[in-house]
Structures are given as structure tokens and as C-alpha cells.
There are 2 protein chains.
Amino acid sequence: MMAKEEKKREVEVRPRNWLVPVILLSLREWNSYGYELMERTAAFGFEAMNPGTLYRTLRQMEKDGVVESEWETSRGGPARRVYSITDAGEAYLDFWAEALEQYQRNMDAFFRLYTGRPPRKDNENGAK
Amino acid sequence: MMAKEEKKREVEVRPRNWLVPVILLSLREWNSYGYELMERTAAFGFEAMNPGTLYRTLRQMEKDGVVESEWETSRGGPARRVYSITDAGEAYLDFWAEALEQYQRNMDAFFRLYTGRPPRKDNENGAK
DNA sequence: CACATATAGGTGTACGATGCATATAGAAGC
DNA sequence: GCTTCTATATGCATCGTACACCTATATGTG
């Protein structure tokens with residue numbers, strides 16, 4: 001059990017497909033393209049994301065009908081594929097939000113046990 | 001884009017490997033065996049878990065040195081493999097807790113944007 | 001000119017996590 | 001003898017995604 005600790009240095013905590021709701025939420029704010037979305041999604045835990053992952057996800061989301069895109073070529077530099085959220089995409093985002101809320105409750109239960117706090121008290125504030 | 005919505009009925013929201021910290025936390029409270037852990041982990045989002053997934057995860061965790069086990073045969077019925085958490089396991093649990101806290105902050109950011117205001121009463125889960 | 005760099009989008013492949021089906025076995029009840 | 005509950009486990013297929021790699025446009029620099 002000595003050599004094994006080395007590979008435990010980092011754990012993957014994000015839920016599967018976490019990128020999808022993050023993209024949908026970002027696009028609900030304003031239309032965007034892949035290269036820009038890489039920066040915008042960084043705030044949600046994708047600091048070290050591989051560009052390929054994002055681009056592939058966007059293409060798949062368009063196939064699923066939750067986003068749509070068109071090329072923007074009327075400027076200097078490489079063309080941009082600009083994405084916007086569809087009605088189905090907004091509904092899907094709502095669906096995700098519900099599921100995520102449920103899971104926040106599970107994580108709250110986890111931390112209540114972890115920190116040893118009783119589950120029904122209300123007078124706790126920032127025990128740190 | 002209508003036919004595609006059908007397969008969006010359910011999304012998988014749990015963090016990857018979420019079962020691992022849940023098991024470690026459960027075992028930190030008291031030693032337990034697979035069949036019992038199925039009930040105990042249900043409270044954390046594993047209501048419909050396949051037993052195979054749990055047993056496989058437990059064997060792997062023992063290989064990784066974060067739990068250890070011994071057979072309990074001194075009673076009627078099938079033998080139980082009773083697990084307990086190791087020192088490395090407790091350290092690993094702490095490590096997970098930190099990562100989960102980070103993820104919670106990402107989700108808080110998500111919901112602030114989604115709802116336009118912070119949804120949770122802020123508690124700082126004091127993880128050392 | 002050649003080249004490096006920033007911007008922009010993308011594919012191929014392999015691995016890991018997990019859902020589902022299935023197998024084994026001891027004890028208890030009808 | 002058969003079913004059910006308890007208890008542990010493996011095999012296989014799928015899906016998400018990390019990693020490596022590729023193409024192409026425009027700008028700046030020696």
C-alpha cells in the first residue's frame with residue numbers, strides 16, 4: 001500500500017456529461033463558439049480541458065438537437081462555428097438543473113456525516 | 001429534433017467514482033459488509049444500484065489499500081466479507097472531501113448563473 | 001521569403017467506469 | 001424438492017473522455 005498512494009494524487013469529481021449543462025447555460029447567456037467556450041467553461045472546473053473534448057461534445061450536442069450552429073466567416077482569421085441554444089436545449093438544461101439539485105442534496109448529506117455535524121440543526125454558520 | 005428527446009429522459013449526475021468516498025465514509029462510521037452497504041449507500045444516491053458494481057468496487061478498493069476485509073463465518077447464513085477502512089483510506093477520504101468541495105463550488109457557480117442568484121444557504125463544510 | 005505564434009476546429013484510439021446479465025452458495029420455509 | 005432471502009462475485013458491452021495528433025487562416029518578425 002505504499003506504491004499505490006502515488007496514483008491517488010488526483011481524483012475525478014465531475015459528473016459524467018457535466019460539460020453539457022455548462023455549455024447549455026453558457027449559450028443561454030449569449031451565443032458563442034468553441035474557442036471562446038473553452039475560456040467560459042473554465043470557471044466550472046474545466047481549467048485543463050482538451051480542446052478536442054469540447055469540439056466533439058459540441059458536434060454531438062448539435063446532432064442531439066440541443067444546440068445549432070452556423071459559420072461566421074465575415075471577418076479576418078479562421079472561421080468560427082457559432083452555436084446557439086435551441087428550445088429543446090433550454091428544456092434539457094432545466095432537466096439537468098433538477099437532477100443536479102438532487103445531487104447537491106446527496107453531497108450535503110455526505111458532508112454532514114463527514115464533518116460530524118448533526119443533520120437537523122440550523123444554528124450552524126461557517127464552522128471552519 | 002423531436003424524436004431525440006426520448007433518450008434524454010434521464011441523465012447521470014453523480015460524480016465519477018462517487019461510490020468510493022461514500023463507502024469510505026460509511027466504513028469510517030462502522031465496519032460493514034457489501035450487502036449491508038447497499039442499504040447504507042442508498043441514502044447518497046445509490047437507490048437503484050446493481051450489487052455487482054458495489055462488490056467489484058469493494059474488491060478494487062482493497063487492492064488499492066484503502067480498505068481491508070476478513071470473512072465472518074461464525075454465524076448462520078452465507079459468509080460475510082466484513083470491510084474496515086485503513087489509515088490510507090482515511091487519508092484518501094480527506095482527499096476526496098477536498099475535491100468534492102471544489103466541485104460543490106463549481107455547482108454553486110452554475111446555479112448562481114442558472115437562477116440568477118445563489119440557491120444555497122452558504123455553509124463552508126469545514127473540511128480542515 | 002521563411003518561420004513562429006495565435007486563433008479556430010477537428011479526428012483516432014485506448015482506457016476506465018459502469019449498467020446489465022448471470023453464476024454460485026448457505027440457510028430457512030413450505 | 002422447490003423457492004426465497006441473504007451474500008458475494010464475474011463477464012461483457014457501452015459510453016465518456018483523456019491524450020495525442022492533424023488541418024487551416026491570419027499576423028508578426030528576422
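Naming: A, B, ... by sequence-line order, numbering from 1 per chain.
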Quiz: residues 41-53 of chain A side-chain donor-acceptor pairs under 3.5 angstrom, not counting sequence neighbours:
from: A:Thr41; atom 1: OG1; to: A:Leu37; atom 2: O; distance (Å): 2.8
from: A:Thr41; atom 1: OG1; to: A:Met38; atom 2: O; distance (Å): 3.4
from: A:Asn50; atom 1: OD1; to: A:Gly52; atom 2: N; distance (Å): 2.8

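For B:Ser69 (side chain) and B:Arg81 (main-chain N/O), no donor-acceptor pair under 3.5 Å exists by modelled atom type. Side chain of B:Ser32 to backbone of B:Leu27: no donor-acceptor contact under 3.5 angstrom is found.
Across the protein-nucleic acid pair, A:Arg16 atom CZ and C:dG16 atom C1' stand 11 Å apart, rounded to whole Å. Following rounding to the nearest Å, B:Asn17 (CG) and C:dG19 (P) show an atom-to-atom distance of 11 Å. To the nearest angstrom, P of C:dG10 lies 14 Å from CE of A:Met61. The distance between atom CZ of A:Arg81 and atom P of C:dG9, rounded to the nearest whole Å, is 9 Å.
For an aromatic pair to be called close, the ring centres must be under 6.0 Å apart, and B:Phe110 with A:Trp96 fails this.
Counting only residues at least two apart or on different chains, the salt bridge (Lys or Arg N to Asp or Glu O under 4.0 Å) pairs with a member in residues 17-40 of chain B are B:Glu29-B:Arg40.
In terms of the side chain to side chain donor-acceptor pair (under 3.5 Å) criterion, residue partners of B:Gln102 (sequence neighbours excluded) are, by chain and number, B:Arg105. Checked against side-chain contact (heavy atoms from CB on, under 4.5 Å), B:Asn31 has the following partners two or more places apart in sequence or in another chain: B:Val82, B:Ser84. With sequence neighbours excluded, no residue satisfies side-chain contact (heavy atoms from CB on, under 4.5 Å) with A:Arg56. The side chain to side chain donor-acceptor pair (under 3.5 Å) test applied to A:Tyr33 returns A:Arg80, not counting sequence neighbours. For A:Glu70, there are no side chain to side chain donor-acceptor pair (under 3.5 Å) partners at least two apart in sequence or on another chain. Scored by the side chain to side chain donor-acceptor pair (under 3.5 Å) test, B:Arg16 finds A:Glu12 as partners (sequence neighbours excluded).
Taking the 5' to 3' direction, DNA chain D first and last meets chain A under 4.0 angstrom from a heavy atom at D:dG16 to D:dA26.
Using a 4.0 Å cut-off on heavy atoms, the residues of residues 42-57 of chain B that approach DNA chain D are B:Gly52, B:Tyr55, B:Arg56, listed by number. Contacts of residues 18-40 of chain A with DNA chain D (heavy atom under 4.0 Å): none.
Distance CD/A:Glu90 to CG/A:Asp94: 7.5 Å, rounded to 0.5 Å. Atom CG of A:Leu24 sits about 10.5 Å away from atom OH of B:Tyr114, to the nearest 0.5 Å.
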> How does protein reach along nucleotides 24-30 of chain C, written 5' to 3' as B (base within reach of a heavy atom under 4.0 Å), S (only sugar-phosphate), or - (no contact)?
Replying inline: --BS---
